[in-house]
2 protein chains.
Amino acid sequence: MNDKMFNELLESVKQAGDIRKGKRKTSGYTVIEEPDVAAIREKYDMTQQKFSSLLGISVGTLRNWEQGRRKPQGPAKVLLKIAEKRPEAILESLR
Amino acid sequence: MNDKMFNELLESVKQAGDIRKGKRKTSGYTVIEEPDVAAIREKYDMTQQKFSSLLGISVGTLRNWEQGRRKPQGPAKVLLKIAEKRPEAILESLR
DNA sequence: AGAAAAAGTACGTCTATGACGTATAATCTA
DNA sequence: TAGATTATACGTCATAGACGTACTTTTTCT
C-alpha cells in the first residue's frame, strides 16, 4: 500500500469520525452506529467466552454490551467493526 | 476461511489470553506485552491526531498512552496489534 | 530569520466503562 | 433427566478515557 492510498483512507476515516460526533451529517439524517454485538458474534457462531477473548475483554463486559447495560466505546467499536468485516485480521494479528 | 481453520485460530487466541493473565507460561519467562504506541504510530508516519481517529480515541487519550500516564487496555491493545501488523484492515473496515 | 501554525508534553479532575461477584434461567448433551 | 455449559440480570468499585488548561518543541510559510 502506498502513501497516497494510505492518506486517502485516513481522510475517509477522519470524516467518519466527524459524522459520528455529529459535526457532519450524511445525506439527510444523522447516523447513530451502535454495533449489534450479539449479531456480530452469532454471525460466527461463537460463544460469549470465545468472542470476549477475541476482543480482549471479560465475558462480563461482553454481556454488559449485549444486554445494553454498557456501551462499547472508541477502540471497542472499531474492533467490533473489524470483527464484523474482517475477523481473520484480528485472529491473525493475535497469533 | 473454513470452520476448522477458524476454530484453530480461536484456540490460539484463547491460549494467548491465558498467557497474558499468567495462567500459562511461555517457555521460561512470562511475557508482558505493553505496546509501544508511539513506535507503532511513527512506523506509519502519522500525527497523533490522525492515529487517534484511526483508533477511535481522543488525541488526549493517545497522549496519555504515549506518555505512560494511562495504559491502553483490552480492546485497545488488540486494536494496536492490528494497527501494527495490518493497518489496512482497520482503514478498510472503517470505510 | 522571524512569525504563525501545528504537533507534542504534562497534568488536574470528573464520569462512565469495564471488571468482579452473585443469583437465576435457558439450552445443550450424554 | 441430570449435569454441564451458556446466557440473563444486576449491585458495587476502581480506573481509563475525555476534557480542559498551560507550556514547549517542531514545522511551515513569507
Side-chain angles (χ1 to χ4, degrees), chain A residues 3 6-7 10-11 13-23 32-83 90 94, chain B residues 3 6-7 10-11 13-23 32-83 90 94:
Chain A
D3 275 14
F6 200 82
N7 281 310
L10 268 181
E11 209 34 55
V13 169
K14 201 166 164 294
Q15 285 176 17
D18 289 348
I19 291 170
R20 207 163 52 230
K21 285 169 194 161
K23 289 180 193 167
I32 313 148
E33 36 128 346
E34 292 301 338
D36 187 340
V37 183
I40 298 170
R41 177 173 64 86
E42 277 153 19
K43 185 172 157 188
Y44 297 104
D45 267 314
M46 297 171 58
T47 63
Q48 291 179 333
Q49 194 76 53
K50 285 193 173 183
F51 196 56
S52 65
S53 66
L54 186 74
L55 299 177
I57 55 170
S58 70
V59 200
T61 295
L62 180 65
R63 285 169 182 165
N64 279 337
W65 291 353
E66 294 196 357
Q67 293 167 36
R69 205 160 72 109
R70 299 277 186 258
K71 290 179 183 179
Q73 73 224 62
K77 278 205 257 183
V78 174
L79 200 54
L80 281 165
K81 274 197 180 164
I82 298 172
I90 303 181
L94 285 181
Chain B
D3 274 14
F6 199 82
N7 280 312
L10 268 182
E11 210 32 57
V13 169
K14 201 164 164 292
Q15 285 176 18
D18 289 347
I19 291 170
R20 208 164 51 229
K21 284 167 195 161
K23 289 178 195 169
I32 314 147
E33 36 127 347
E34 292 301 338
D36 187 341
V37 183
I40 298 170
R41 176 173 64 87
E42 276 153 19
K43 185 172 157 186
Y44 296 104
D45 267 315
M46 297 171 59
T47 64
Q48 291 181 331
Q49 193 77 55
K50 285 192 173 182
F51 196 56
S52 66
S53 66
L54 186 73
L55 299 177
I57 55 169
S58 70
V59 199
T61 294
L62 181 63
R63 285 170 182 163
N64 279 336
W65 292 352
E66 294 197 357
Q67 292 166 37
R69 204 160 74 109
R70 299 273 187 259
K71 290 178 183 180
Q73 73 225 63
K77 277 205 258 184
V78 174
L79 200 53
L80 281 165
K81 273 197 180 163
I82 298 173
I90 304 181
L94 285 181

message: Need the bend value for the helix from C/dA1-D/dT30 to C/dA30-D/dT1: angle between end axes, 5 pairs each end, nearest 10°.
response: 70°

- request: Test A/Arg41 against every option in A/Leu55, A/Leu54, A/Leu62 by the side-chain contact (heavy atoms from CB on, under 4.5 Å) rule and name the one that passes.
  value: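 One option only clears the test, and that one is A/Leu62.
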
Given atom [atom1] of [X] and atom [atom2] of [N], what is their separation to the nearest angstrom?
X: A/Leu79; N: C/dG18; atom1: CG; atom2: C1'; result: 15 Å
X: A/Glu34; N: C/dA16; atom1: CD; atom2: C1'; result: 14 Å
X: A/Gln73; N: C/dA19; atom1: CD; atom2: C1'; result: 14 Å
X: A/Leu55; N: C/dG18; atom1: CG; atom2: P; result: 11 Å
X: B/Ile57; N: C/dG18; atom1: CD1; atom2: P; result: 14 Å
X: B/Leu62; N: C/dC11; atom1: CG; atom2: P; result: 17 Å
X: B/Phe51; N: D/dG17; atom1: CZ; atom2: C1'; result: 16 Å
X: A/Lys71; N: C/dT15; atom1: NZ; atom2: C1'; result: 15 Å

- prompt: Counting just side-chain N and O atoms, does B/Ser58 come under 4.0 Å of either OP1 or OP2 of D/dA18?
  reply: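 Yes, such a contact exists.
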
task: Look at the side-chain N and O atoms of A/Trp65 and state whether any lies under 4.0 Å from the OP1 or OP2 oxygen of C/dG18.
output: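 The answer is yes; a side-chain N or O of A/Trp65 sits under 4.0 Å from OP1 or OP2.
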
message: Could you report the tightest heavy-atom contact between A/Tyr44 and A/Ala83, atom names first, then the distance?
response: CE1-O, 3.2 Å

message: If I compare all heavy atoms of A/Pro35 with all of A/Leu80, which pair ends up nearest, and what's the gap?
response: CG-CD1, 3.8 Å

- request: Quick one: which residue pairs count as a salt bridge (charged side-chain N to carboxylate O under 4.0 Å, His left out) with a foot in residues 51-60 of chain B, not counting sequence neighbours?
  value: none

field: Partners passing side-chain hydrogen bond (donor to acceptor under 3.5 Å, both in side chains) against A/Arg70 (at least two apart in sequence or in another chain)
entry: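 Partners of A/Arg70 by the side-chain hydrogen bond (donor to acceptor under 3.5 Å, both in side chains) criterion come out as none, since no residue qualifies.
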
statement: Sorted by chain and residue number, the side-chain hydrogen bond (donor to acceptor under 3.5 Å, both in side chains) partners of A/Ser52 (sequence neighbours excluded) come out as none

Dump every N/O contact between nucleotides 24-26 of chain C and the protein below 3.5 Å, one line per pair.
none

Polar pairs (N or O, both sides) under 3.5 Å between protein and nucleotides 28-30 of chain C?
none

message: Each nucleotide in nucleotides 2-13 of chain D should get exactly one letter: B, S or -. Can you fill that in based on protein heavy atoms under 4.0 Å?
response: ----SBBBBBB-

- request: Report the residues that fulfil side chain to side chain contact (heavy atoms under 4.5 Å, CB included) with A/Asp36, sequence neighbours left out, ordered by chain and then residue number.
  value: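 Checked A/Asp36 against side chain to side chain contact (heavy atoms under 4.5 Å, CB included); matches are A/Ala38, A/Ala39.
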
- line: A/Thr47 meets the side chain to side chain contact (heavy atoms under 4.5 Å, CB included) criterion, sequence neighbours left out, with A/Gln49, A/Lys50

Point-to-point distance, once rounded to the nearest 0.5 Å, from [atom1] of [X] to [atom2] of [Y]:
X: A/Leu79; Y: B/Lys81; atom1: CG; atom2: NZ; value: 12.0 Å
X: B/Lys77; Y: A/Ile57; atom1: NZ; atom2: CD1; value: 14.0 Å
X: B/Trp65; Y: B/Glu34; atom1: CH2; atom2: CD; value: 12.0 Å
X: A/Ile82; Y: B/Ile90; atom1: CD1; atom2: CD1; value: 5.0 Å

message: Would you say NZ of B/Lys43 has more than 12 non-hydrogen atoms from neighbouring residues, nucleotides or ligands within 6.0 angstrom?
response: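 Yes, NZ of B/Lys43 has more than 12 neighbouring heavy atoms, counting only those of other groups under 6.0 Å.
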
- prompt: Is there side-chain contact between B/Pro75 and A/Pro72, with at least one heavy-atom pair below 4.5 Å?
  reply: no

